[in-house]
There are 2 protein chains.
Amino acid sequence: MARKSTAEGGLRERKKRATRDALVEAAVRLAAEHGAERVTVEAISDAAGVSTRTFFNYFDSRDDAFVMIGAEANARVRQAVLAAPPGLSPLQVLRDAIAAELAEVEERHELWSLHAMVLRTSPRLLVRALGVHTADERELAEVLAERIDVGSRSSDRATPSASEDERRNPTPRLYPRLLAAVGVTAVRVAVEHWCERPDGVAFGDVFHDVFEHLAAGLPAPAEETGRN
Amino acid sequence: MARKSTAEGGLRERKKRATRDALVEAAVRLAAEHGAERVTVEAISDAAGVSTRTFFNYFDSRDDAFVMIGAEANARVRQAVLAAPPGLSPLQVLRDAIAAELAEVEERHELWSLHAMVLRTSPRLLVRALGVHTADERELAEVLAERIDVGSRSSDRATPSASEDERRNPTPRLYPRLLAAVGVTAVRVAVEHWCERPDGVAFGDVFHDVFEHLAAGLPAPAEETGRN
DNA sequence: TCCCAACTTGCAGAGTCTGCATTTTTGCAT
DNA sequence: ATGCAAAAATGCAGACTCTGCAAGTTGGGA
C-alpha cells in the first residue's frame, strides 16, 4: 500500500516510462551478454522496439542507457527523509531513508546484478555511474536542510514552499551538503565492498558497519574486529 | 627544493608531458571562451599543435581533456600519507596530506579557475569529473590501509613491497575504503561550497570545518555557529 | 653511429548525436 | 464518437567522435 511501484500518471506518462525502462533493460542485458562496448544504439533500440532517433529522445548519450537504472530511487529517499519521525539525528534519518530503498533493489535483483557486472567490466561506465550518483546530492542536501530546520526550530511548515526557504538562505549551507555527500558516498562504498567480497556477508551488515564508522567520527578501528 | 614541479625523466617523457599539458590547457581555455560543447577535438589539437589523431593517443575521449587536470596530485597525496608522522589518527593523516596539495592549486590558480568555470557551465563535464575523482579512491585506500597497519602493528616494513600485502589481504578492507572515499568527498564538498559562496570565506576555513564535522561523527550542528 | 622502440600522423570507416520536417499517438473537449 | 492541439516517434542528412592500420619521425641505448 505504501509504494505502488509504477502505476502513477496517465497513459502517456506510463508509456513513456515503459519505453524508458525497456531501453534501459535492453541496454543492460545486451551489455551483460556481449560487453558494453560492442552494443550499438541501434541494437538497443531494436531490442526495445523503437527507432534509434527515439533512443536519443530519452538519453543524451549512449552510455546513459547503461547508467540510468534506479533513477527514481532518489526521489523516494528524499520523501522518506521528509517523512522521518522526529527525535532522530540527521545521520540516522538519512541512514533509515536509504535503508528503505535497499528492499527495492532486491525485488529487481536480477537486473541489478547484471548492471553491477556491466559496471565491473567497464571502468568507463563505472566512472560515469559514480558521477551521476553524486550529482543527486544537491537535491538530497536540500531536503536534509529542511528536515534539520524543522527539527530544531519551532515546527510549523506543512507546506514545503521552497521559495521562502531559498530567499532566506540563498547559499546552501555546508553541513547538509556534507551530510548528503557523505551519505551517498557511504552507500556506494558499502555496495562496492560487498560486491567484492567472495564470502557471503549480508549487505545489511556492511551497511550497518559503514554508518557506525561515520557516527563514531571515523576513528582507527580496533584490531581484529568482527567483519571489520 | 621539496617539489620540483615538472622536470623528471628524459626528453621523451618531458615532451609527452608537455603535449599532454598543452592539450589540457588548450581544451580548458577554449571551453572557457566558447563553451565546452562548441569546442571540437580539431580545435583543441590545432591549438596544441598536434594532429587530431594524436589527441586520441592521449585521451580516451574528448571530454577527458576537460577533466584530466591535476591528475598527478593524487600520487603526491598518497606519498604524503605514507610519509606522515606517527601518532596521528587516520583522518588527521588524510587531512594533512590533502591540505599540502591545496597550495599547489593556488600556484596554477588561473587555469584552475577557468576549469571550475567550465565545470560550472557544463553539468555533463561536472558529472564526468566527479566520477574520475572518485575513481582514484582505490589507490588512496590502499596506502591508507598500509599506513594504518604500520601504525598499529609492530613497525618494521621499510620496503613497501605490496605483493605480500596483497597476498595476505586480497579483499580490501572496509575501513580504509570508507575513509578514502569520505575524505575525497569531503574535499569536493568543501570546494563546491566555497565556490558558491559570494562572501570571501577563506578556503582553509571551510576545509577545516568539513573535517571537524567528520571527526565529530556528523552530529546536527549547533544553532547559529559562526560560519556553519 | 646505428638501430629499436616509442611517438606522430593521415586516412578510411564505423558509430554517435543533432536539427528539421513529417507522421503517428494521446489527452481532452465537444 | 469525433475533431483538434500537444506530445511523441520517425526518417534522414550531416557534423563530430573515435579506432585500426600503415607509414613516417624521433629519442635513447648498444
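If you're wondering where the values come from, they're calculated on a predicted model, not measured in any experiment. Chain identifiers are assigned alphabetically (A, B, ...) following the order of the sequence lines, protein sequences preceding nucleic acid strands; residue numbering begins at 1 within each chain. Values below: all heavy atoms of this structure, side chains included; hydrogens, waters and symmetry mates excluded.
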Note: [X]-[Y] ion pair, threshold 4.0 Å (strictly below):
X        : Y        : value
A:Arg138 : A:Glu142 : no
A:Arg29  : A:Glu33  : no
B:Arg20  : B:Glu25  : no
B:Arg14  : B:Asp21  : no

For [X] and [N], give me the distance from atom [atom1] to atom [atom2], rounded to whole Å.
X       : N      : atom1 : atom2 : answer
B:Tyr58 : D:dT19 : OH    : C1'   : 18 Å
A:Asp60 : C:dT18 : CG    : P     : 6 Å
A:Phe56 : C:dC17 : CZ    : P     : 4 Å
B:Asp64 : D:dT19 : CG    : P     : 10 Å
A:Glu42 : D:dA9  : CD    : P     : 18 Å
A:Glu37 : D:dG20 : CD    : C1'   : 16 Å
B:Asn57 : C:dT8  : CG    : C1'   : 7 Å
B:Ile44 : D:dC18 : CD1   : C1'   : 14 Å

Protein-proximity profile, nucleotides 25-30 of chain C, B/S/- by nucleotide at the 4.0 Å heavy-atom cutoff, equals BBS---

Check this for me: A:Trp194, atom CH2, are more than 12 non-hydrogen atoms of other residues, nucleotides or ligands nearer than 6.0 Å?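 Counting neighbours around CH2 of A:Trp194, 12 or fewer heavy atoms of other residues, nucleotides or ligands fall under 6.0 Å, so no.
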
Contact class for B:Phe59 (heavy atom, under 4.0 Å): base, sugar-phosphate, or nothing?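 Nothing, no heavy atom under 4.0 Å.
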
Would you indicate what A:Thr52 reaches in the nucleic acid, counting non-hydrogen atoms under 4.0 angstrom: base, sugar-phosphate, or nothing?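 It contacts nothing in the nucleic acid.
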
Which nucleotide sits closest to the side chain of A:Thr19: C:dT16, D:dC18, D:dA9?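 Closest nucleotide among those given: D:dA9.
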
Could you check which of D:dC16, C:dC11, C:dG19 has an atom nearest any side-chain atom of B:Arg53?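 The listed nucleotide nearest to B:Arg53's side chain is C:dC11.
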
side-chain hydrogen bond (donor to acceptor under 3.5 Å, both in side chains) between A:Asn74 and A:Arg78: does it pass, once the steps are laid out? CA-CA 6 Å; A:Asn74 307 300; A:Arg78 290 196 294 274; 5.8 Å; no

Taking the side chain from B:Arg62 and the backbone from B:Phe56, do they hold a donor-acceptor pair closer than 3.5 Å?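 No, the answer is negative, given that no donor and acceptor are paired below the 3.5 Å cut-off.
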
Using modelled atom types only, decide if a donor and an acceptor are shared between the side chain of A:Thr134 and the backbone of A:Leu130 within a distance under 3.5 Å.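 Yes, the answer is positive, given that a donor and an acceptor are paired below the 3.5 Å cut-off.
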
Kindly say if B:Thr54 contacts the phosphate of C:dT8, meaning a side-chain N or O under 4.0 Å from OP1 or OP2.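 No.
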
D:dA8, OP1 or OP2 - any side-chain N/O from A:Lys16 closer than 4.0 Å?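 Checking D:dA8 against A:Lys16, a side-chain N or O does come within under 4.0 Å of OP1 or OP2.
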
Roughly what angle, to 10°, lies between the helix axis at the start of the helix from C:dT1-D:dA30 to C:dT30-D:dA1 and the one at its end, five pairs per end?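 About 30°, once rounded to a multiple of 10°.
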
Selection residues 112-135 of chain B - residue pairs positive for salt bridge (charged side-chain N to carboxylate O under 4.0 Å, His left out), sequence neighbours left out: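 Every salt bridge (charged side-chain N to carboxylate O under 4.0 Å, His left out) pair that includes a residue of residues 112-135 of chain B, provided the two are not neighbours, is B:Glu37-B:Arg124, B:Asp63-B:Arg124, B:Asp64-B:Arg128.
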
